[in-house]
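First comes the structure, then the notes that go with it.
Both backbone and side-chain heavy atoms feed into the values below; hydrogens, waters and symmetry mates do not.
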Amino acid sequence: MRKYIPSDIEPKWQKKWQEDKLYAIDLDQAAKKYYLLVEFTYPSGDLHIGHWFAFAVPDVLGRMKRMQDYQVFFPNGFDAFGLPAENAAIARGVHPRDWTLSNIENMKQQFGLMGAIHDWENSVITCLPGYYKWNQWIFLKMLEKGIAYKGRALANWCPNCQTVLANENVEAGECWRCGTEVVQKEVEQWFLRITEYADRLLWSDNPTVDWPKPIREGQNNWIGRSEGVNLRFKVKDMDIHFEMFDSVPQTFMAQTFTVIAPEHPMVYELVKGTEHEKEVMGFVEKIKKKKMMNKFEIDRDIEGVFTGRYLEYTPTGKSIPIWVASFVIYEYGTGVVNSSAHDERDFAFAKKYDIPLHPVMFPKDPKEAEKVKNLEYCYHHAPDGILQEPEEFKGRRWEEVRHDIIDYIEKKRYGKRKIQYHLHDWSISRQRYWGAPIPIIYCDNCGTVPVPEEDLPVELPYKVDYTPKGKPPLATAEDWINVKCPNCGGEAKREAETMDTFVDSSWYFLRYLDNKNDTEIASSIRLKALMPVDIYFGGAEHTLGHTLYSRFFYKFLSDLGVLGNLGEEYAKKRVHHGVILGPDGSRMSKSRGNVVNPDEQIKEYGADAVRLYLCFIGPYDIVAPWNPGGLGGVYHFLQRVWLLQEKLGSQAEKLGFKDLNIMHKTIKKVTEDLENIKFNTAVAALMEWLNHLCRKEKVSKEEFRSFLLLLAPFAPHITEELWQILEAKYSIHQQSWPKFDNKHLQQDQVLVVIQVNGKVRDTLLIQNDILSNKEVVEKMAKKSEKIQKFLTGKTVKKTIYVPGKIINLVI
RNA sequence: GCUGGUGUGGUGGAAUGGUAUACACGUUCGCCUUAAGAGCGAAUGGCCUACAGCCGUGUGGGUUCGACUCCCACCACCAGCACCA
């Protein structure tokens, strides 16, 4: 018999499976489909162990599903636009397109070593015109529906990458790619009105799809819906009216001062020509500058300046001083805040600038002051004059009075109910080369003109000077940028900016279905056959970016009617994978030099062992450093599987009860564990069964057969090889998944634990037929010598018996 | 500060109210071998006077016949968000 040498068998089968298109399915008529999706890859050049973890482990699930007669669709592709390609290309003098496409070729080869059921026929590469044509098409549709628009706004600007960044791409004030400090800059940019979908993107407590709670909570917090009122005010002695958002309307009677954001245009109106102008505008400039320098650094210094103005506060008839304060966010709400000094920050501000507050608002007893955080205390304990609650609300609970107060405010016309979101519209303009062109033409006569649909795609020109110069590289591509206006035929220029790559990844899972379709995103036949995605694996880091954007896109496309009637969410189930860290315990990155390339390990132990080890290493959401030490263990396991051949009985051997019991138990365990994304315990169950088999003199064909079938999804190569020896038939991957039989799960006798006062003192083997008879079991338990010792001189007060598990004698 | 999560042997981890530490790594001992490796077998939570005992799942309390598991309070760590009125 040959030794188990993975390199002798793995390439051979990989080649054969590919030639035979063993894993291909018919996308037009997948009757019992299973769409398995893993977040596609950025083509950085080399596959590392993290890619294996992300793709090879879900492949195990996909393979089981195939054997359960599902037509499993497990596509793979590349998220191929984006800054790293451009930066790497600039550094090495290679064109981003060439760099990217050659990386993709290389990575496809490396993916091949995994032995996954990927079908590369249905791949997507987002930087190819056939793909991004549909980016542009969706953009035009959004423009048509008012979801895409051009606006001026302060944006996060990375001076190094020379581009605008989305909020989600700013990490602690730094660019997510290069780590350069981000500054604020006002620029014109294209936005997608995701806020229009804010309410529909919010998760209910009981969603119809199975997405993890952390992602749902995270998205809900990010959307940040808060319900309150917009109160209306007039500035004293001036014809200025404004609104302010208040999410705690319960305190509307308690207002003692007002603060405005420094950026607010009204500030100048208030102080123009007054003695306060110089001081206030100086303060505004100072804060603006500070924010420009490092907006995202947490600045606990709360600063402000009095405008000299007051507002007429209708509900209480009081005059309320108006201040400008550093901490007010212009972009949130109306940029004006009602300060009733019930929260710590407002209180600190008032104290710092001696703004008179009623002293009793804050209790002197520090323990009592703690309660102020709940606001409830304020509401019930504030003195007259500060918190004059309308009669009808006196003595009622804080939360329950909330809606009545909003009604009251509306009735009295002090203001209007308002729903405010933290979520901002999504800026998609990027001042870089390597992205999908935005299909817009600027004409002196006609203004902003969308590129007509029949002219799509607007192809990204190849020959462009893409080194950053402070303006978009495409603006320098003379023969590309200058075009005839599609409207009037006059001289016009194309939009020189490109799209955020998160646009590309917001709908790629639809394109997998129909990647060559030239007339629609995907045919309705295929959409109907394969959507929604059954399970979507990906990283927890995409909670606020990709998974929110893609839900938005799906809802938009659904509203547009291009999806048919597929429901609100694109994936029935979302599963987060963990992170394999570098051996040094930090995230793998080329710059740290701690990237683990699995090539060596595959050479030494084989793809099967690496796959198995990645399953076995821990729960699938584990975040842990790569420790190749355990690889030897799973390799050893495979070797013992290989050696089972020697134990194969010459003919059908009668299996004992124990053999059948462990076999069916393992079938049940592996099936259920894979279904529940518990790969590690599924492998452990196989190991236990193998330990049993190895202890036996002979192994029956039936056992070996079932064992190989269960192992096949984890280790597709070695099981295929052994299958040939066992069955002389191709292929194991076209066999049906074994089923367990309940009758073999029942044991004829059961181990029952005897406890005295909850402590284990003995065990007892009990025949099935007397298992349900409490009296008999109790008698047997009391007879036990070990138990006798604990019972002498004591009385048994109570006996608890859980049939088949435990008997507890209470003395 | 807010939100979500996690705390179990030397290590990765298992156990969702019923024998805590499955499965594996590592370590130690033995067999085999000229030797090494591989392979095979055994032991491996701590303590003790070491086979009739005690302690033990971050800490303290509670519920229960029985708690890693449920409840309350706290501590530590991880992740995300963070001046959101």
- Item | Euclidean distance for P, B/U16 against B/U27 (whole angstrom) | 31 Å
- Item | Nucleotide of B/G80, B/C83, B/U19 approaching A/Val760 most closely (side-chain heavy atoms) | B/U19
- Item | Nucleotide paired to B/A20 in any strand shown, Watson-Crick or G-U, under 3.5 Å | none
- Message: My understanding is that a pair needs two contacts under 3.5 Å, Watson-Crick or G-U wobble. By that rule, which nucleotide pairs with B/G37?
- Response: none
- Message: When you measure from the side-chain N and O atoms of A/Ser247 to the phosphate of B/A85, is any distance below 4.0 Å, counting only OP1 and OP2?
- Response: yes
- Task: Would you kindly compare A/Val337 and A/Met687 by the position of their nearest RNA chain B nucleotide and give the one closer to the 5′ end?
- Result: A/Met687
- Task: Determine, using ring centers only, whether A/Tyr613 and A/Tyr635 are less than 6.0 Å apart.
- Result: no
- Query: What's the NE2-P distance between A/His577 and B/A79, to the nearest Å?
  - Reply: 16 Å
- Anti or syn - B/C65, cut at 90° from 0: anti
- Can A/Asn808 and A/Tyr801 be counted as having a side-chain donor-acceptor contact under 3.5 angstrom? no
- Given the side-chain rings of A/Trp323 and A/Phe349, with only the six-membered ring counted for Trp, is the space between their centroids under 6.0 Å? yes
- Look at the side chain of A/Ser226 and decide which nucleotide, out of B/C23, B/A82, B/A85, has an atom nearest to it. B/A85
- Query: Could you give the CD1-to-P distance, from A/Ile754 to B/U19, as a whole number of Å?
  - Reply: 14 Å
- Please determine, by modelled atom types, if A/Gln219 and A/Arg551 share a side-chain donor-acceptor pair under 3.5 angstrom. yes
- In terms of side-chain geometry, is the basic nitrogen of A/Lys647 or A/Glu697 positioned less than 4.0 Å from the acidic oxygen of its partner? no
- Task: Send over the distance from A/Asp346 CG to B/G1 C1', rounded to a whole Å.
- Result: 15 Å
- Ring centres of A/His577 and A/Phe537 under 6.0 Å apart? no
- Task: Rounded off to whole Å, could you give me the CG-to-P distance for the A/Asn230 and B/A85 pair?
- Result: 13 Å
- For residues A/Asp584 and A/Ser586, is any side-chain donor paired with an opposing acceptor at under 3.5 Å? yes
- How would you label the contact of A/Gly633 with the nucleic acid (heavy atoms, under 4.0 Å): base, sugar-phosphate, or nothing? sugar-phosphate
- Task: For A/Glu541 and B/C78, give me the distance from atom CD to atom P, rounded to whole Å.
- Result: 18 Å
- Query: Going 5' to 3' along nucleotides 2-13 of chain B, which nucleotides have protein heavy atoms under 4.0 Å from the base (write B), which only from the sugar-phosphate (write S), and which from neither (write -)?
  - Reply: -SS-------BS
- Query: According to the Watson-Crick and G-U wobble definitions, with both distances under 3.5 Å, which nucleotide is paired to B/A82?
  - Reply: none
- Message: I'd like to know if the side chain of A/Tyr620 and the backbone of A/Phe53 have a donor-acceptor N/O pair within less than 3.5 Å.
- Response: yes
- Pairing of A/Lys789 and A/Glu785 as salt bridge, 4.0 angstrom limit: no
- Message: With side-chain contact (heavy atoms from CB on, under 4.5 Å) as the criterion, how do A/Leu614 and A/Ile49 come out once you've worked through the C-alpha distance, each side chain's angles and the decisive distance to 0.1 Å?
- Response: CA-CA 9 Å; A/Leu614 288 169; A/Ile49 199 71; 4.3 Å; yes
- Message: For the C1' atoms, the ones on B/G9 and on B/A24, what distance do you get once it is rounded to whole angstrom?
- Response: 14 Å
- Task: Look at A/Glu39 together with A/Arg574 and state whether they make a salt bridge at an N to O cut-off of under 4.0 Å.
- Result: yes
- State which of B/C83, B/A15, B/A85 makes the closest approach to the side chain of A/Asp246. B/A85
- Message: Under 4.0 Å, heavy atom to any atom of RNA chain B: which of residues 799-811 of chain A qualify?
- Response: A/Ile800, A/Val802, A/Lys805, A/Ile806, A/Asn808, A/Val810
- Across all strands, who's sitting opposite B/U44 as a Watson-Crick or G-U wobble pair, both distances under 3.5 Å? B/G26
- Query: If we call it a pair only when both distances are under 3.5 Å in a Watson-Crick or G-U wobble match, what pairs with B/G56?
  - Reply: none
- Query: For A/Glu672 and B/A14, what is the distance between atoms CD and C1' respectively, to the nearest whole Å?
  - Reply: 16 Å
- Task: For nucleotides B/G80 and B/A73, find the distance between their P atoms and express it as a whole number of Å.
- Result: 27 Å
- Message: Could you check whether atom NZ of A/Lys668 has more than 12 heavy atoms from other residues, nucleotides or ligands sitting under 6.0 Å from it?
- Response: no
- Note on the structure: A/Leu686 CG to B/A24 C1', in whole Å, measures 13 Å
- For nucleotides 39-55 of chain B, just jot down a letter per nucleotide in 5' to 3' order: B, S or -, based on protein non-hydrogen atoms under 4.0 Å. SS-----------BSSS
- Please measure how far the P atom in B/G60 lies from the corresponding atom in B/U69, and state the result in whole Å. 13 Å
- Message: Do A/Arg225 and A/Asn220 pair up side chain to side chain, a donor and an acceptor below 3.5 Å, judged on atom types alone?
- Response: no
- Query: Out of B/A85, B/A15, B/A24, which nucleotide sits closest to the side chain of A/Tyr332?
  - Reply: B/A85
- Task: For B/U33 and B/U19, measure between their C1' atoms and round to the nearest Å.
- Result: 42 Å
- Polar contact flag, side-chain donor to acceptor under 3.5 angstrom, A/Glu778-A/Thr799: yes
- In terms of base orientation, is B/G9 syn or anti, with the syn window spanning 90° either side of 0? syn
- Please work out if A/Lys678 contacts a base, only the sugar-phosphate, or nothing of the nucleic acid, heavy-atom cut-off 4.0 Å. sugar-phosphate
- Query: Using the P atom in both, what is the distance from B/C78 to B/A15, to the nearest Å?
  - Reply: 25 Å
- Task: Could you please spell out the steps behind the salt bridge (Lys or Arg N to Asp or Glu O under 4.0 Å) verdict for A/Glu303 and A/Lys352?
- Result: CA-CA 9 Å; A/Glu303 296 178 84; A/Lys352 181 169 178 180; 5.8 Å; no
- Item | Rounded distance in Å - CD1 (A/Ile329) to C1' (B/C81) | 13 Å
- Item | Pairwise P distance, B/G58 and B/C48 [rounded to whole Å] | 24 Å
- Query: Starting at the 5' end of RNA chain B and moving along, which residue's nearest nucleotide shows up first, A/Gln755 or A/Gly629?
  - Reply: A/Gln755
- C1'-based separation of B/C55 from B/U21 [nearest Å]: 15 Å
